[in-house]
Amino acid sequence: MDNILLLAIIVIVYLFMIAYLGYRGYRKTKNTLDYLVAGRSVHPFVMALSYGATFISTSAIVGFGGAAAFFGMGLLWLTFLNIAAGIIIAFLVFGKRTRKMGHNLDAHTFPELLGKRFRSSFIQGFSGLVIFVFMPIYAAAVLIGSARFIETTFTTVDYNIALLIYTLIILAYVLAGGLKAVMYTDAMQGSIMFVGMATLLVFTYTKLGGVTAAHQALAGLTGQVPQKLAAMGHLGWTRMPALGSALWWNLVSTIVLGVGIGVLAQPQLAVRFMTVKSTKEINRAVGVGGVFILCMTGVAFVVGALSNAYFFNHPQFGKISLAVAEGNIDKIIPAFINSALPVWFVYLFMLTLLSAAMSTSSSQFHAMGAAIGRDVFEKFILKGKHVKYSVAITRVGILAGVLVTVVLGYKLPGSVIAVATAIFFGLCASTFLPSYAGALFWKGVTKAGVIASMFTGFLGTCLWLLFIHQKESEALGLCKLLFGKATLAQFPWTVVDPIVVMLPLSAVVLVLVSLFTKKVSGEHINHCFKHI
Amino acid sequence: MVILGIDDPGVWLAYLLCIASAVFCVVYGILRWNTGDEA
């Protein structure tokens, strides 16, 4: 950074805009409905950008962009799934019913939607507890990435100070303005992200001589694949890994399926559908959401892969991205930006990453607070009797969630970012997705079926991560402690993500148990599905 | 077959599907702009 004053001015202007939008959210928040679901009256443009900006964090741009430099353009299957599942199916199939059923049941959170649908405070409490216990790991991963990024951008700022300041700024507007403040700031941050990433794509293709020329240059590097990677199934950066190889399983099961499908059952995203006043708004939001996601992950993955062609053909480097970043894939995108693009764009990209981080963190803080405050404490422990101070309870919940996240942010290793994201997405999918889909589409699903399905998905995923999936079982060490080896399984199971096994199993359990247990009353079902 | 300089169908198909799905979102949003129930 050769002009720290200009950078400081840009950041101060950005923070003033955040403060103004946070204040607007605070002024417009009058009751619990406003605080938890933004009064169910959010503009479709704001909803779509808020959904996208919450979905895409710094790790999606830097971490997964770096992963694309490693795997190649095959990672674009994840972008396709992000749009097909994360936007088209999520908005048009799940979103419309979520909005209507959320209105019918007056649900304010994702766990509350499930709890009221099956008339079970246990389902609401358990769902809230899963979110509160595991979301801080994902939130801490985003926090670590953001603090590291601030530390490297402002070289005079210590990591610990960066983490604290970043957290306090977000905490201020989330606590004051609830979901309205979160969504207003998300929309602004999403707009910055869109401009930043679109500019990055244009610059990259221009730098490499156009779309086809850039891809041809990358295809010409096939002979440069390191021997170790070639042995694992790497066939080049414009090709998919060899079918059935370790790299193929890693790419397809963990990255593409784990993150691509996992997005459907993310509590902080599902609640966005309950913030609009009619399905007309959801139809209008689809276009914005689809283009936004293409511009985020699509650009990050293409640029990440093409960085190999840039670095290899640059006289100063003459080697592939992984070698330039000395094996750390998280450093590839920043290295490419700093080397290939003008200084003014470095500042714009810095703002893009800061926006991506803050928009994701603010929604995580809000979701954690609502989960422990409303779903667990107010509705499960107090059985909904103590509703007079609902917002105050949620605010205490947000503080508790942020405290846990900050402690984890100081304790967890920096390498946890991508793993923590994949774990949370996979866990949510296996635990919630069958029950969520059943709640919206099958009148015959029962309370017992949902509880059995949730336990199967949750416990199965935890056991798979502890004893089968080598990447996590090795890092967590419990398997080694109990059985003297890193994993209990053989290849390919050691590289198969838990979502591949546990999501279908959880769905089968939901159907089987629902077929043989007591149905929800017809009167209640009619109310749930009114106007659907 | 080589499309846009990419020779693996598994990759150029993903590239084109990404663009097609985003275009679908935009077209759907425009065509259904005034369609949908009220609150």
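Quick caveat, the model's predicted, so the values are computed rather than measured. Here is how names work: the chains are called A, B, and so on, in the same order as the sequence lines, proteins then strands, and each is numbered from 1.
When the candidates B/Ala20, B/Gly29, B/Gly10 are compared by the number of heavy-atom contacts under 4.5 Å with chain A, B/Gly10 comes out ahead. Per-residue heavy-atom pair counts under 4.5 Å with chain B were compared for A/Leu92, A/Val291, A/Val211, and the maximum is reached by A/Leu92.
In this structure, A/Phe91 has its ring center closer than 6.0 angstrom to the ring center of A/Phe273.
At a 4.5 Å heavy-atom cutoff, A/Ile282 makes no contact with chain B through either its backbone or its side chain. With a 4.5 Å cut-off on non-hydrogen atoms, A/Val302 touches chain B through its side chain but not through its backbone.
The aromatic rings of A/Phe301 and A/Phe64 lie tilted to each other, with the angle between the two planes from 30° to 60°. Note on ring orientation: taking the six-membered ring where Trp is involved, the planes of A/Trp77 and A/Phe80 are perpendicular (angle over 60°, cut-offs 30° and 60°).
Looking only at side-chain heavy atoms (C-beta outward), A/Trp237 and A/Val225 come within less than 4.5 Å of each other.
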